Amino acid sequence: MGTKAIEPQSIRNVTIIGDPDDTTRVVHGLFRRFAETGSGTAATVHWVTGHVDHTIRIAELSSHAPIAALERSIRVADGVIAVVNAAVQSAPRLETILRVADDHQVARLCLVTGLDHPAADFDRCVRTIADTHGAVPLTLQIPHGIGTEFEGVIDLVPMWALEPMAVEFYGSHWKVAEEWYRKLVATVMEQVAADSDDILGLREIPPEQLHDRVRCLTRIGDAAPILCDVTPWSDIAPLLDAIVRYLPSPMQVCQPEHALDY
């Protein structure tokens, strides 16, 4: 039987970095449900987004690793997912990861975990990412409730398609989602609504147009999309979609040190 050729543009090489407990939960969730090859802390996932087959190669790295090891791993990565625990008040290693990624212009996503913990603070996570020089945080998902009231996530980009039903389902959280959506659009489209009525125009922006702008800003290192981990529901499809949509293929990575280190 012949070997199937893989289109290089469809490949994503991703390193997931964070506290070992957090990254292990995320990575094992991916491996358990979707990995077809691999072992230990690395595996390959085949995923379809936009009717196109993609090959996602995932590696796991503890943020407790020596700084030199962290820097080298991030520097040669095509893309990084920084796992952020919403219940942890101070995360100096997270700041190190983001700064190293910024220094070497490595595209990164941030995945916020622990949102069901009583001490969870989503806004603090966003501020921490914003306060780290470099990429601007782009909040693509927000928690539906927090701590003991956590019920899942609200996906901001496609939420308007289900507006009548979603308004009723999310209740008071819908207004909060509108405000986050307004900030997202203002950042990626360089336009801001002057009053609440303008949201009627903002919601007509095609989702694919937003995806394209987020992808462009992420791949050049100017932005860091933020997603929410939905544990214990374990719906990791949005994370895989985000990896494919926003992180670069090896063909789109231009750092010369990649060629030197492999």
Side-chain angles (χ1 to χ4, degrees), residues 4-18 23 26-27 30 34-38 41-50 52-63 65 67-84 93-111 129 132-138 140 187-188 208 210-227 236 238-262:
K4 181 181 178 180
I6 300 177
E7 166 59 44
Q9 292 284 9
S10 71
I11 296 172
R12 301 292 184 272
N13 296 317
V14 180
T15 300
I16 300 179
I17 309 177
T23 57
V26 172
V27 171
L30 289 169
F34 295 103
E36 295 188 10
T37 61
T41 58
T44 298
V45 173
H46 297 284
W47 187 249
V48 178
T49 295
V52 177
D53 291 326
H54 292 84
T55 299
I56 304 174
R57 297 167 179 161
I58 299 171
E60 178 186 0
L61 179 65
S62 168
S63 60
I67 294 296
L70 277 175
E71 181 166 1
R72 183 190 181 282
S73 296
I74 294 171
R75 178 163 54 88
V76 301
D78 293 345
V80 165
I81 298 176
V83 180
V84 187
R93 280 302 179 99
L94 167 65
E95 297 175 13
T96 299
I97 291 167
L98 295 177
R99 292 182 194 280
V100 172
D102 181 66
D103 289 343
H104 296 285
Q105 296 182 309
V106 177
R108 57 274 199 197
L109 306 176
C110 295
L111 180 67
I129 297 167
T132 304
H133 75 84
V136 175
L138 298 178
L140 303 183
T187 302
V188 303
E208 194 52 47
L210 283 177
H211 289 318
D212 287 343
R213 287 294 298 154
V214 173
R215 174 167 49 247
C216 178
L217 293 171
T218 302
R219 290 182 179 179
I220 63 176
D222 285 353
I226 298 176
L227 296 95
I236 46 77
L239 175 59
L240 293 173
D241 285 337
I243 291 172
V244 168
R245 285 190 178 117
Y246 308 129
L247 295 182
S249 74
M251 303 294 290
Q252 296 163 327
V253 176
C254 60
Q255 294 96 317
E257 56 263 34
H258 284 66
L260 296 175
D261 284 316
Y262 278 120

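Please read all numbers here as calculations on a predicted model, not as lab measurements.
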Exercise. For side chain to side chain contact (heavy atoms under 4.5 Å, CB included), just list the numbers for Cys110 and Leu98, CA-CA rounded to whole Å, side-chain angles, deciding distance to a tenth of an Å, and then say yes or no.
Key: CA-CA 9 Å; Cys110 295; Leu98 295 177; 4.0 Å; yes
Practice problem: Test Ile81 against Val14 for side chain to side chain contact (heavy atoms under 4.5 Å, CB included), laying out the working first. | Solution: CA-CA 7 Å; Ile81 298 176; Val14 180; 3.7 Å; yes
Quiz prompt | Derivation of the side chain to side chain contact (heavy atoms under 4.5 Å, CB included) call for Leu210 and Val188 | solution = CA-CA 7 Å; Leu210 283 177; Val188 303; 3.6 Å; yes
Quiz item: Run the side-chain hydrogen bond (donor to acceptor under 3.5 Å, both in side chains) check on Ser249 and Gln9 step by step: do they pass?
Solution: CA-CA 5 Å; Ser249 74; Gln9 292 284 9; 3.0 Å; yes
Exercise. Using the side chain to side chain contact (heavy atoms under 4.5 Å, CB included) rule, take Leu111 and Leu239 through it: C-alpha gap first, then chi angles, then the decisive distance, then the call.
Key: CA-CA 8 Å; Leu111 180 67; Leu239 175 59; 4.1 Å; yes
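Between Thr44 and Ile56 there is no side-chain heavy-atom pair separated by less than 4.5 Å. Val83 has its side chain out of reach of Ile17: every pair of non-hydrogen atoms, C-beta onward, lies at least 4.5 Å apart.
Remark: the backbone N or O of His54 is not paired with any side-chain donor or acceptor of Ser10 at under 3.5 angstrom. Remark: side-chain polar atoms of Arg93 are paired, donor with acceptor, to backbone N or O of Ser63 under 3.5 angstrom. In terms of modelled atom types and a separation under 3.5 Å, the side chain of Ser73 and the main chain of Leu70 share no donor-acceptor contact. Side-chain atoms of Arg99 never come within 3.5 Å of backbone atoms of Leu94 as a donor-acceptor pair (strictly under, hydrogens ignored).
A side-chain N or O of Glu60 and one of Thr23 form a donor-acceptor pair less than 3.5 Å apart. Trp47 and Asp53 form no side-chain donor-acceptor contact under 3.5 Å, judged by distance and modelled atom types alone.
Ala223 and Ala135 make their closest contact through C-CB, 3.6 Å (heavy atoms, listed as atom of the first residue, atom of the second, distance). In this structure, Val106 and Gly79 approach most closely via the heavy-atom pair CG1-CA, 4.2 Å. The shortest heavy-atom contact between Leu227 and Ala242 is CD2-CB, 3.7 Å. A pairwise comparison of heavy atoms in His211 and Tyr246 identifies ND1-OH, 2.7 Å as the closest pair. When all heavy atoms are compared, the tightest approach of Arg12 to Val244 is NH2-O, 3.0 Å.
Electrostatic pairing of Arg108 and Asp102 counts as a salt bridge here, judged by a charged N lying under 4.0 Å from a carboxylate O. Ion pairing between Glu208 and Arg245 fails under the 4.0 Å rule for side-chain N and carboxylate O.
The CD1 atom of Ile74 sits 10.0 Å away from the CG atom of Asp103 when rounded to the nearest 0.5 Å. Rounded to the nearest 0.5 Å, atoms CD (Gln105) and CG (Asp222) are 8.5 Å apart.
A side-chain contact (heavy atoms from CB on, under 4.5 Å) with Leu109 is found for exactly one of Leu247, Ile16, Leu138, namely Leu247.
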